[in-house]
*Asks:* 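The structure follows.
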Amino acid sequence: TGHLHPITKVKREVEDIFERLGFSVVEGPEVETEWYNFDALNIPANHPARDMWDTFWLSQKEFKNKNEKLKIKERLLLRTHTSPVQIRYMEKNNPPLRIIVPGRTFRYEATDASHEINFYQVEGLMIDKEISAANLKAIMEKFFEMFFKQSAEIRLRPSFFPFTEPSFEIDIKCLVCGGKGCSVCSQTGWLEIA
């Protein structure tokens, strides 16, 4: 009769694994303010990083209050990432923090086999004493091992993201060829996965 959508199934599995690893699942609005989506993440109005995302801005009408027009103070948009939820969570919660933020995001771009205007993202936030990149690597290795139900070798590749420091992209040794090189991993033995 009916079945869960594959994205729903994967989202639930991801959430379940992270909950077993001690994370809480936090969700937030898909319609976001410019403040939470950019400014609070140290991406000010003139920052070139805003060009990384083609944003869907929502048209907003002016409200009339008898004899004067009142403009909406904050511009609204469809969130370009789930990071605004981290800001909202940190405003109300003190460390230690251990959360993941799954959700839909929206970017105005040309669609092709690997790009879409609407996609799903999961990000994590862990704040505590003695937390390091080693914790990130260990958690991600354990997550992929549980997700793929087999041993998973990963590597952290330094990268640039304007709102995190340090920043990494995560590659996983190709599960199809075991790192020998095949058409799935473009003969490199590695797949960018996060």
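Along the sequence shown, residues are numbered consecutively beginning with 1.
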*Asks:* Looking at Glu27 and Lys11, is there a salt bridge between them, counting it only when a charged N and a carboxylate O are closer than 4.0 Å?
*Replies:*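 Yes.
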
*Asks:* So which heavy atom on Glu169 is nearest to which on Ser159, and how close?
*Replies:*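 Answer, listing the atom of Glu169 first, then Ser159: OE2-OG, 2.9 Å.
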
*Asks:* Judged by atom type as modelled, is there a donor-acceptor pair below 3.5 Å linking the side chain of Ser132 to the main-chain atoms of Ala134?
*Replies:*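 A pair under 3.5 Å: yes.
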
*Asks:* Quick one: do Glu153 and Lys173 make a salt bridge, cutoff under 4.0 Å?
*Replies:*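 Answer for the salt bridge query: yes.
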
*Asks:* When rounded to the nearest 0.5 angstrom, what is the spacing between NZ in Lys9 and NE2 in His3?
*Replies:*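 If I round to the nearest 0.5 Å, the distance is 8.0 Å.
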
*Asks:* Look up atom CZ in Phe56 and atom OG1 in Thr105, then write down how far apart they are to the nearest 0.5 Å.
*Replies:*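 Atom-to-atom, Phe56:CZ and Thr105:OG1 are 10.5 Å apart.
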
*Asks:* Are Leu125 and Ile43 co-members of a hydrophobic cluster defined by side-chain heavy atoms under 4.5 Å apart?
*Replies:*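 Same hydrophobic cluster.
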
*Asks:* Considering only NZ, NE, NH1 and NH2 on the basic side and carboxylate oxygens on the acidic side, decide whether Arg12 and Asp16 come within less than 4.0 Å.
*Replies:*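 No salt bridge links Arg12 with Asp16.
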
*Asks:* Any carboxylate oxygen within less than 4.0 angstrom of a Lys/Arg side-chain nitrogen, looking at Glu145 and Lys142?
*Replies:*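 Here Glu145 pairs with Lys142 in a salt bridge, since their nearest N and O are under 4.0 Å apart.
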
*Asks:* Determine, for Asp128 against Arg98, whether the closest basic-nitrogen to carboxylate-oxygen distance falls under 4.0 angstrom.
*Replies:*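 Looking at Asp128 and Arg98, the cut-off is not met.
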
*Asks:* CZ of Phe168 to CD1 of Ile154: how many Å apart, nearest 0.5 Å?
*Replies:*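 Taking CZ in Phe168 and CD1 in Ile154, the distance rounds to 10.5 Å.
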
*Asks:* Tell me, with the steps shown, if Thr111 and Ile117 meet side-chain contact (heavy atoms from CB on, under 4.5 Å).
*Replies:* CA-CA 7 Å; Thr111 59; Ile117 62 169; 4.1 Å; yes

*Asks:* Quick one: pull up CD in Glu109 and CZ in Phe119 and give me the separation to the nearest 0.5 Å.
*Replies:*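 It comes to 7.0 Å.
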
*Asks:* Any carboxylate oxygen within less than 4.0 angstrom of a Lys/Arg side-chain nitrogen, looking at Lys149 and Glu13?
*Replies:*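 Judged by the 4.0 Å cut-off on N to carboxylate O distance, Lys149 and Glu13 do form a salt bridge.
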
*Asks:* Can you name the residues that form a ring pair (Phe, Tyr, Trp, His ring centres under 6.0 Å) with Phe23, not counting sequence neighbours?
*Replies:*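 For Phe23, the residues satisfying ring pair (Phe, Tyr, Trp, His ring centres under 6.0 Å) (neighbours in sequence not counted) are Phe18.
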
*Asks:* Between Arg88 and Pro29, what is the shortest heavy-atom contact and its length?
*Replies:*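 Where Arg88 meets Pro29 most closely, the heavy atoms are NE-CG, 3.7 Å.
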
*Asks:* To check you understand the geometry: which heavy-atom pair defines the closest contact between Thr188 and Cys185, and what is its length?
*Replies:*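 Reported closest heavy-atom pair: OG1-O, 2.7 Å.
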
*Asks:* Under a 4.5 Å side-chain heavy-atom rule over Ile, Leu, Val, Met, Phe, Trp and Tyr, are Val85 and Tyr120 clustered together?
*Replies:*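 No; Tyr120 is not reachable from Val85 via cluster members.
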
*Asks:* So, does Asn37 use its side chain to make a donor-acceptor pair with the main chain of Thr80 at under 3.5 Å?
*Replies:*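 Between the backbone of Thr80 and the side chain of Asn37 there is a qualifying donor-acceptor contact (under 3.5 Å).
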
*Asks:* Could you go through Phe143 and Ile100, starting from their C-alpha distance and side-chain angles, then the distance that decides it, and tell me whether this counts as side-chain contact (heavy atoms from CB on, under 4.5 Å)?
*Replies:* CA-CA 12 Å; Phe143 168 79; Ile100 63 160; over 6 Å; no

*Asks:* Under 4.5 Å between side-chain heavy atoms, hopping through other hydrophobics if needed: is there a path connecting Val14 to Leu175?
*Replies:*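 Val14 clusters together with Leu175.
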
*Asks:* Honestly curious: do Leu136 and Trp190 fall in one hydrophobic cluster under the side-chain, below-4.5 Å linking rule?
*Replies:*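 Leu136 does not cluster with Trp190.
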
*Asks:* For the residue pair Pro102 and Val26, what are the closest heavy atoms and their distance?
*Replies:*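 Where Pro102 meets Val26 most closely, the heavy atoms are CD-O, 3.5 Å.
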
*Asks:* Counting only heavy atoms from other residues, nucleotides and ligands, does the tally under 6.0 Å from CG of Asn135 exceed 12?
*Replies:*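 Yes, enclosed.
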
*Asks:* CD of Glu15 to CZ of Arg20: how many Å apart, nearest 0.5 Å?
*Replies:*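 It is 12.5 Å, given to the nearest 0.5 Å.
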
*Asks:* What are the two closest non-hydrogen atoms of Ala45 and Asp39, and how far apart are they?
*Replies:*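 In terms of heavy atoms, the two residues are closest at N-OD1, 4.2 Å.
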
*Asks:* Apply side-chain contact (heavy atoms from CB on, under 4.5 Å) to Met146 and Leu21, showing your working.
*Replies:* CA-CA 10 Å; Met146 294 168 78; Leu21 293 173; 4.1 Å; yes

*Asks:* To the closest 0.5 Å, what do you measure between CD1 (Ile172) and CD1 (Ile170)?
*Replies:*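 Reported value, rounded in 0.5 Å steps: 10.0 Å.
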
*Asks:* Can you name the closest pair of heavy atoms from Leu41 and Pro84 and give their distance?
*Replies:*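 Taking every non-hydrogen atom into account, CD1-N, 4.3 Å.
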
*Asks:* Is it true that Ile99 and Ile139 fall in one hydrophobic cluster, defined by side-chain heavy atoms closer than 4.5 Å?
*Replies:*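 No; tracing contacts between hydrophobic side chains, which count when under 4.5 Å, never links both residues.
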
